[in-house]
Protein chains: 2
Amino acid sequence: MTASRTARERVRAELTREIVEIARRQLATEGAGGLSLRAVAREMGMVSSAIYRYFPSRDDLLTTLIIDGYNALGEAVERADAAAPEDDFPGRWAALCHAVRDWALAHPHEYALLYGSPVPGYQAPQDTIGPRVRDLTVFGAILSAAQRAGALTPPATPFEADPALAGEAEASLADLMPGVPGDALLRALSAWTSLYGWVSFEVFGQFKGAFVDLRPAFDHSVRALGAMIGLTRG
Amino acid sequence: MTASRTARERVRAELTREIVEIARRQLATEGAGGLSLRAVAREMGMVSSAIYRYFPSRDDLLTTLIIDGYNALGEAVERADAAAPEDDFPGRWAALCHAVRDWALAHPHEYALLYGSPVPGYQAPQDTIGPRVRDLTVFGAILSAAQRAGALTPPATPFEADPALAGEAEASLADLMPGVPGDALLRALSAWTSLYGWVSFEVFGQFKGAFVDLRPAFDHSVRALGAMIGLTRG
DNA sequence: AGTCGTCAAGAGCGGTGCTCTCGTTTTCTG
DNA sequence: CAGAAAACGAGAGCACCGCTCTTGACGACT
């Protein structure tokens, strides 16, 4: 039964995969705005209306591309983190940051789809919430592990966090970053926004013609942020 | 002579202004993708081809909207900075940050046009470079003034900047932020990317359903970043 | 073997940016 | 002042888009 039904379903799955693949290639070359169902159909030798048997609308196709993008980015981050020495927490943070930057520069249009302006009105259905936080999850694992290893020590700073706000942060991030004190979470949040702010600036061209060499500047910023968070070697 | 010529040119300028105004309203409601020359023409009671007498292409219309956006944001930032006590440098930094965030939240689609994914292939002609750095210019003025007032003192940090990189930063930002030492510039750069990273996250919906109250969290982050930069009261 | 669901194809709708042509009107000039 | 020149709005049209609906053929299940 499964075998007979699979005859149909297998070709269907294959065609679906092929559509997504062609769409991703179009996305990579033309950008999100240039993704056209008709062009995908043309490249597949199908007529445009046939695509709608597989994706009910252009936005649905975009949504799967978005999910794939989050997964690809998350995978890259996970790989980079796993390759770093487990107790070198500043190093793991730096590896995470460079993974994000490298992936974004290698896939600018997909990065724009994930972290740029929302494309249509906007969509973002619920299936996205899982892959969307894969990078954050890695970050949380690093922070939690550093905290457990006693390698998350607040640097001397003239600025203290409001205890109420710190508690709120602790509560709302308890699942992703368990055990991390609230003030460290707030510092980590600043570092996180700085990371994506930098990458967005660079990918979206705001840094055009600024520093001669952006890579060492990025690396310095990343390490300084790691120190600001309070990460030390375990 | 000017009066006679103005007969035509005045109505032309007026129509141009009206086109931009309608376009901005469409941009605010529909987003950059929903901006349609035909819709603008329809709303003006003109035929679509007539618009091309005033803007040679849709991208040109978008470009003027972008320039206007940079100017509006820059003006808001300048106003906020001017309203703060001149020698309260952490306060001026905080005012700048809140001005950026408030403006972005009030004009999300225009913010997306400025700091989101570049719209078509992308454009960004040279007329943009002036208004584009109005916010950065204010930031530079704050930093330079703080430095002159002796209110820019590096906080105790376990992380030192590479002198070569600091020198490079000093050289490339000498015009915008004269007199500011390189290591402070590097810290300021991190704070800058953190600011825009935060605002982009918030405007683009990445913070959806995170903290209950984003405003106090933002304010804390901003003040912590100010301390990280090394800003103190003069 | 017959029925029913799935599929690709085609035509078509309303929308887009943009081009070209054609009268008209305004401006500049001889 | 009259005529040339430039600017203008209107309209038709091209190629493209997302999306819908119908039609006919093929495959799968009873």
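Basis for what follows: all heavy atoms, side chains included, without hydrogens, waters or symmetry-related copies. Lettering of chains follows the sequences in order, A, B, ..., and the numbering in each one begins at 1.
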- In terms of ring plane angle, is the pair Phe139(A) and Trp192(A) parallel, tilted or perpendicular, where the classes change at 30° and 60°? parallel
- Quick one: do Arg79(A) and Glu75(A) make a salt bridge, cutoff under 4.0 Å? yes
- Given dG15(C), is OP1 or OP2 found less than 4.0 Å from the side-chain N or O atoms of Ser36(B)? no
- Note on the structure: Heavy-atom nearest pair, Asp219(A) first then His98(A), reads OD1-CE1, 2.6 Å
- Could you check if a side-chain atom of Ser200(A) sits within less than 4.5 angstrom of a side-chain atom of Tyr115(B), using non-hydrogen atoms only? no
- Considering heavy-atom distances to DNA chain D, does Arg58(A) or Tyr54(B) have its closest nucleotide positioned more toward the 5' end? Tyr54(B)
- Item | Whole-Å gap separating C1' (dT24(C)) and CE (Met46(B)) | 15 Å
- Rounded to whole Å, the CG-C1' distance (Leu35(B) to dT16(C)) equals 12 Å
- Query: How close or far is atom C1' of dC17(D) from atom CG of Asp59(A), stated in whole angstroms?
  - Reply: 14 Å
- Message: Whole angstroms only, please: what is the CD-P distance between Glu9(A) and dG5(C)?
- Response: 16 Å
- Query: Which residue, Val47(A) or Tyr52(B), contacts DNA chain C at a nucleotide closer to its 5' end, judged by nearest heavy atom?
  - Reply: Val47(A)
- For Ser49(B), answer base if it contacts any base atom (sugar-phosphate contacts may also be present), sugar-phosphate if it contacts only those atoms, and nothing otherwise; contact means non-hydrogen atoms under 4.0 Å. base
- Task: Identify, between Arg42(A) and Arg53(A), the residue whose nearest nucleotide on DNA chain D lies closer to the 5' end.
- Result: Arg42(A)
- Message: Quiz question: going by heavy-atom distance under 3.5 Å, is there a donor-acceptor pair between the base of dG15(C) and the side chain of Arg38(B)?
- Response: no
- Query: With sugar-phosphate meaning primed atoms plus P, OP1 and OP2, does Ser57(A) contact a base, only sugar-phosphate, or nothing at under 4.0 Å between heavy atoms?
  - Reply: sugar-phosphate
- For Leu61(B), report the nucleic acid contact type (base, sugar-phosphate, nothing); a contact means any heavy atom under 4.0 Å. nothing
- For atom CZ of Arg10(B) and atom C1' of dC8(D), their distance in whole Å: 18 Å
- With a non-hydrogen cut-off below 4.0 angstrom, is Phe55(B) in contact with a base, only sugar-phosphate, or nothing? nothing
- Message: By nearest atom, which of the nucleotides dC7(C), dA8(C), dC8(D) is closest to the Ala50(A) side chain?
- Response: dA8(C)
- Is it true that Glu21(A) and Arg17(A) have a side-chain N and a carboxylate O under 4.0 angstrom from each other? yes
- Item | Listed nucleotide nearest any side-chain atom of Leu37(B), set dT16(C), dC18(C), dC19(D) | dC18(C)
- Whole angstrom value for the distance that separates C1' of dC8(D) from CD of Glu14(B): 17 Å
- How long is the line joining CD1 of Ile51(A) and P of dG18(D), in whole Å? 10 Å
- Query: When the distance from CE of Met44(B) to P of dA10(D) is rounded to whole Å, what number comes out?
  - Reply: 10 Å
